[in-house]
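What follows is a set of notes on a single structure, which appears directly below.
The analysis underlying the following values was restricted to heavy atoms, covering all of them including side chains, and did not include hydrogens, waters or symmetry mates. The first residue in the sequence is number 1, and the count goes up from there.
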Amino acid sequence: MSSQAPNEARVIPLRRPQTGAPAAPPSRSPQAPAAPAPREPLWRDLVGDVLRRERLAQERTLKDVADAARISMPYLSEVERGRKEASSEVLAAAAQALGLGLGDLLSLAHGELTRVTSRHAARGRGTSGPRHDGLCLAA
């Protein structure tokens, strides 16, 4: 049983705060893996890559697509580079400016996620392990 109230979210810190001198790296035993397991990519990186790839495939400028989507050029650049977590309205506008529907954009990003994670899985643990066939977005 959990000691949390039913409607409270559990917060897991992404980084530990640095205090004073950096901590010494943990000692490695002979059986320890040489490299940490690869992390799955962030959704915003995948969507940004798809937007940029589509824009470049159409040989369009960032300014042209930003104007058509009615969003600022610097913001679209940040979205393409995965620096901003864009709203569904912004993603839909950018996709429409590229002649895509929001579903098309998400489907392409899902395909990229599947490709990237299957490549990591093949390197890390052979053919066994969970598959990611579905798409689930949570707010």
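Nearest heavy-atom pair, V47 versus A109, reported as atom, atom and distance to 0.1 Å: CG2-CB, 3.9 Å. Heavy atoms only, all atoms of each residue included: A86 and Y75 are closest at CA-OH, 3.7 Å. Closest non-hydrogen pair, A66 versus L76, comes out as N-CD2, 3.7 Å. Of all the heavy atoms in A97 and V65, the pair that sits closest is CB-O, 3.8 Å.
Within the 4.5 Å cutoff, the side chain of L108 has no heavy atoms near those of the R53 side chain. Side-chain atoms of E80 and L62, non-hydrogen and from C-beta on, do get closer than 4.5 Å to each other.
To the nearest 0.5 angstrom, L105 atom CG is 10.5 Å from L46 atom CG. In this structure, CG in D104 is found 11.5 Å from CD in Q96, a value given to the nearest 0.5 Å. Here E112 contributes atom CD and D45 contributes atom CG; the two are 10.5 Å apart, rounded to the nearest 0.5 Å. Atom-to-atom distance recorded for L106:CG and L100:CG is 10.5 Å, nearest 0.5 angstrom.
Counting heavy-atom neighbours within 6.0 Å of E78 CD, excluding the residue itself, gives a total above 12.
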| request: Under the side-chain contact (heavy atoms from CB on, under 4.5 Å) rule, what do L91 and L51 come out as? Steps first, then yes or no, please. | output: CA-CA 9 Å; L91 293 178; L51 287 172; 4.3 Å; yes

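Side-chain N or O atoms of R60 include none that pairs as donor or acceptor with a backbone N or O of R55 at under 3.5 Å. No donor-acceptor pair under 3.5 Å is formed between the side chain of S77 and the backbone N or O of M73. Counting only distance, with no hydrogens or angles, the side chain of S107 and the backbone of G103 share no donor-acceptor pair below 3.5 Å. Of the possible polar contacts, one joining the Q58 side chain to the L98 backbone as a donor-acceptor pair under 3.5 Å is found.
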